[in-house]
J.: 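Pasting in a structure now, in structure tokens, and then I'll have a few things to ask.
Numbers here simply count residues along the sequence, with the first being 1.
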Amino acid sequence: MTKKSGTLLSNPDRNLALELVRATEAAAIRAVSFIGKGDKLAADGAAVDAMRKFLGTVDFDGLVVIGEGEKDNAPMLFNGEHVGTGKGPVCDIAVDPIDGTSLTAAGRQNAISMIAVSDRGSMLDASSVFYMDKIVTGAEGVGVVDIRQPIGENIRALAKAKGKSVSDIVVAVLDRPRHAGLIDEIRAAGAGTRVMLDGDVAGGINAALYGTRVDMCAGVGGSPEGVATACAIKALGGHIQTILYPQSDEERQRGIDAGLKFDYVYEADELVSSDNTFFVATGVTDGELVGGVRRLGPIIRTESIVLRSRSGTIRRVSADHLAAKWMD
């Protein structure tokens, strides 16, 4: 349903993505001063402030479903906050001003600033359960890879579907003690690993993008990141499955009270039910998905990726910003 004369539109439109990329660019640029300085909270605070200010200028009514946390612990971009001018499309929004704050603080690769958007009421609110087990591949994994199967079987099935040798398959996994057994199984199957210090959103997208060095992303990571990744995977025609991974009986009960399903495979359409999703990311530090922010004399250069599911488009946006305009 669409209304005219200044009333609300029901769906995100095609121009929204290029407005949103201004917010991720701003967050990435503001975080640059903190790269390698060891203070992840300061980096995150600067990025949050910049993203919030730019989102406030965008003509949409965005409800933060996945943000910086509950209102009491996050003064801006908290779960339940409305962002934008309130005019235009009515949307759910997932934000992470820096996905990879530890990477930024340490000066490591693969930190990004990201926003995912879908129709209002279409994003799964899994905030009551912090972790979920995930598996992500490109289109070749649809109907072939199943999170309920052993990882070795999934690797062999994906290799066959892609026409590759198992030894050429690369699986991205977060570097966490909980994944020691998973990494052993991947290597025992004959595949290689890409062990990530942080940032499984970028890892999942790289697994679904054509032409990257990663074929699959697997393992336990944040539930909010899983829902945001699903927005991108729907635009790429890829494959994502998740199973909630509660850390205690109390957390499981909170999830049950919130209407979540356990021992259940969430597919892409249940993570995000809309067929009109956007995913926007700007590099903070260099990575395979996007390059990091660079200062080139009087210019600040950013690199972003913009995905939209309805049109199935992938856009790369390189922008030069006059550095003088960003001076405090």
J.: Considering only NZ, NE, NH1 and NH2 on the basic side and carboxylate oxygens on the acidic side, decide whether R252 and D263 come within less than 4.0 Å.
T.: yes
J.: Go through D44 and K40 one step at a time and tell me if the salt bridge (charged side-chain N to carboxylate O under 4.0 Å, His left out) criterion holds.
T.: CA-CA 6 Å; D44 192 49; K40 68 179 185 178; over 6 Å; no
J.: Using a 3.5 Å distance criterion without hydrogens, assess whether the side chain of D92 forms a donor-acceptor pair with backbone atoms of M123.
T.: yes
J.: Scan side-chain atoms only and decide if D249 and Q253 contain a donor-acceptor pair under the 3.5 Å cut-off.
T.: no
J.: Kindly indicate, with the supporting measurements, whether the criterion side chain to side chain donor-acceptor pair (under 3.5 Å) is fulfilled by T193 and R187.
T.: CA-CA 7 Å; T193 54; R187 292 171 178 169; 2.9 Å; yes
J.: Indicate if M114 and L16 have the same hydrophobic cluster label, given that clusters are the connected sets of ILVMFWY residues with side-chain heavy-atom separations under 4.5 angstrom.
T.: no
J.: May I ask you to test the Q247-F130 pair for a side-chain heavy-atom distance under 4.5 Å?
T.: no
J.: Out of curiosity, T101 OG1 to D96 CG, how far, rounded to the nearest 0.5 Å?
T.: 8.0 Å
J.: Crowded around R213 CZ? As in, over 12 foreign heavy atoms under 6.0 Å?
T.: no
J.: With a 4.5 Å heavy-atom cut-off, do L260 and S128 have their side chains touching?
T.: yes
J.: Keeping the roles fixed (side chain from S309, backbone from T277), state whether a donor-acceptor pair exists under 3.5 Å.
T.: yes
J.: Looking only at heavy atoms, what is the nearest atom pair of E25 and V317, with distance?
T.: OE2-CG1, 4.3 Å
J.: I155 versus V166: any side-chain heavy-atom pair under 4.5 Å?
T.: yes
J.: So E303 and R294, salt bridge (charged side-chain N to carboxylate O under 4.0 Å, His left out) or not? Walk me through it.
T.: CA-CA 9 Å; E303 184 177 323; R294 296 182 182 277; over 6 Å; no
J.: Does S223 reach the side chain of L244, with side-chain heavy atoms less than 4.5 Å apart?
T.: yes
J.: Can you measure from OG (S122) to CG (L124) and round to the nearest 0.5 angstrom?
T.: 10.5 Å
J.: If we ignore hydrogens and angles and just use 3.5 Å, is the side chain of E81 paired with the main-chain N or O of F78 as donor and acceptor?
T.: yes
J.: Set out, in order, the CA-CA distance, both residues' side-chain angles and the distance that settles side-chain contact (heavy atoms from CB on, under 4.5 Å) for R108 and S102, then state yes or no.
T.: CA-CA 8 Å; R108 296 191 175 109; S102 296; over 6 Å; no
J.: Check whether H179 reaches the backbone of G219 with its side chain - one donor and one acceptor, N or O, closer than 3.5 Å.
T.: no
J.: If I compare all heavy atoms of L174 with all of R178, which pair ends up nearest, and what's the gap?
T.: CD1-NH2, 4.3 Å
J.: Nearest 0.5 Å, please: how far is CG in L182 from CZ in R176?
T.: 13.0 Å
J.: Applying ring-ring contact (aromatic ring centres under 6.0 Å, His included) as the test, list every pair that has at least one member in residues 240-267; sequence neighbours left out.
T.: Y264-Y266
J.: Distance-only, no hydrogens or angles: does the T282 side chain make a donor-acceptor pair with backbone N or O of A28 under 3.5 Å?
T.: no
J.: Parallel, tilted or perpendicular, judged at 30° and 60°: which one describes the rings of F54 and W326?
T.: parallel
J.: What are the two closest heavy atoms between G204 and V136, and how far apart are they?
T.: O-CG1, 3.4 Å
J.: Would you say that I112 contacts V290 through its side chain, given a criterion of any heavy-atom pair below 4.5 Å between the two side chains?
T.: yes
J.: Nearest 0.5 Å, please: how far is OG in S274 from CZ in R310?
T.: 6.5 Å
J.: Given the rule in the salt bridge (charged side-chain N to carboxylate O under 4.0 Å, His left out) test, do D61 and R120 qualify, once you have shown the distances and angles that lead to the verdict?
T.: CA-CA 9 Å; D61 179 5; R120 176 66 54 82; 3.6 Å; yes
J.: Quick one: does I314's side chain get under 4.5 Å of L209's, heavy atoms only?
T.: yes
J.: Is there a path from V173 to I151 through hydrophobic residues (I, L, V, M, F, W, Y) whose side chains come within less than 4.5 Å of each other?
T.: yes
J.: Of all the heavy-atom pairs spanning T242 and L271, show the shortest one and how long it is.
T.: OG1-CD2, 3.6 Å
J.: With a 4.5 Å cut-off on side-chain heavy-atom distances among I, L, V, M, F, W and Y, is there a chain of contacts connecting I93 to M51?
T.: yes
J.: Identify whether I66 and M132 are in the same connected component of the hydrophobic contact network (ILVMFWY, side-chain heavy atoms under 4.5 Å).
T.: yes
J.: Could you state the interatomic distance from NZ (K261) to CD1 (I243), rounded to the nearest 0.5 Å?
T.: 13.5 Å
J.: Do you see a donor-acceptor pair shorter than 3.5 Å between the side chains of Q149 and N154?
T.: yes
J.: Are I135 and I240 side-chain neighbours, meaning at least one heavy-atom pair lies under 4.5 Å?
T.: no
J.: For the pair D125 and S127, evaluate side chain to side chain donor-acceptor pair (under 3.5 Å) and give the outcome as yes or no after the intermediate values.
T.: CA-CA 6 Å; D125 182 357; S127 58; 2.7 Å; yes
J.: Does R308 make a cation-pi contact with F279 (under 6.0 Å, within 45 degrees of the axis)?
T.: no
J.: Would you kindly say whether S113 and T24 are connected by a side-chain donor-acceptor distance under 3.5 Å?
T.: no
J.: One pair to check against side chain to side chain donor-acceptor pair (under 3.5 Å): T85 and D59. What are the steps and the verdict?
T.: CA-CA 5 Å; T85 64; D59 283 335; 2.9 Å; yes
J.: Rounded at 0.5 Å granularity, tell me how far CD1 in I169 sits from NZ in K164.
T.: 4.5 Å
J.: Check whether any side-chain N or O of K37 sits under 3.5 Å from a backbone N or O of S33 as a donor-acceptor pair, and report yes or no.
T.: yes
J.: Report yes or no: does D200 contribute a side-chain atom to a donor-acceptor pair with the main-chain N or O of G203 at less than 3.5 Å?
T.: no
J.: Under 3.5 Å, is there a donor-acceptor pair between the side chain of D215 and the main chain of V170?
T.: yes
J.: Keeping the roles fixed (side chain from D320, backbone from I299), state whether a donor-acceptor pair exists under 3.5 Å.
T.: no
J.: Test side-chain contact (heavy atoms from CB on, under 4.5 Å) on L289 and I305 and set out the steps.
T.: CA-CA 8 Å; L289 182 62; I305 187 169; 4.1 Å; yes
J.: Under the salt bridge (charged side-chain N to carboxylate O under 4.0 Å, His left out) criterion, do D269 and K234 qualify, and how do the steps go?
T.: CA-CA 8 Å; D269 285 339; K234 294 191 78 167; 2.7 Å; yes
J.: Determine whether I300 and V32 fall in the same hydrophobic cluster, where Ile, Leu, Val, Met, Phe, Trp and Tyr are linked whenever their side-chain heavy atoms lie under 4.5 Å apart.
T.: yes
J.: Could you please spell out the steps behind the side-chain contact (heavy atoms from CB on, under 4.5 Å) verdict for V21 and I115?
T.: CA-CA 8 Å; V21 80; I115 297 173; over 6 Å; no
J.: Taking all atoms of both residues into account, what is the closest heavy-atom pair of G107 and I35, and its distance?
T.: CA-CG2, 3.8 Å
J.: How close do L158 and M216 get, heavy atom to heavy atom, and via which atoms?
T.: CD2-CE, 3.7 Å
J.: Treating Q241 as the side-chain partner and K134 as the backbone partner, does any N or O pair qualify as donor plus acceptor under 3.5 Å?
T.: no
J.: Would you call L77 and P97 a side-chain contact if the rule is heavy atoms closer than 4.5 Å?
T.: yes
J.: Going by side-chain contact (heavy atoms from CB on, under 4.5 Å), I29 matches just one of R295, H321, R301. Which one?
T.: H321
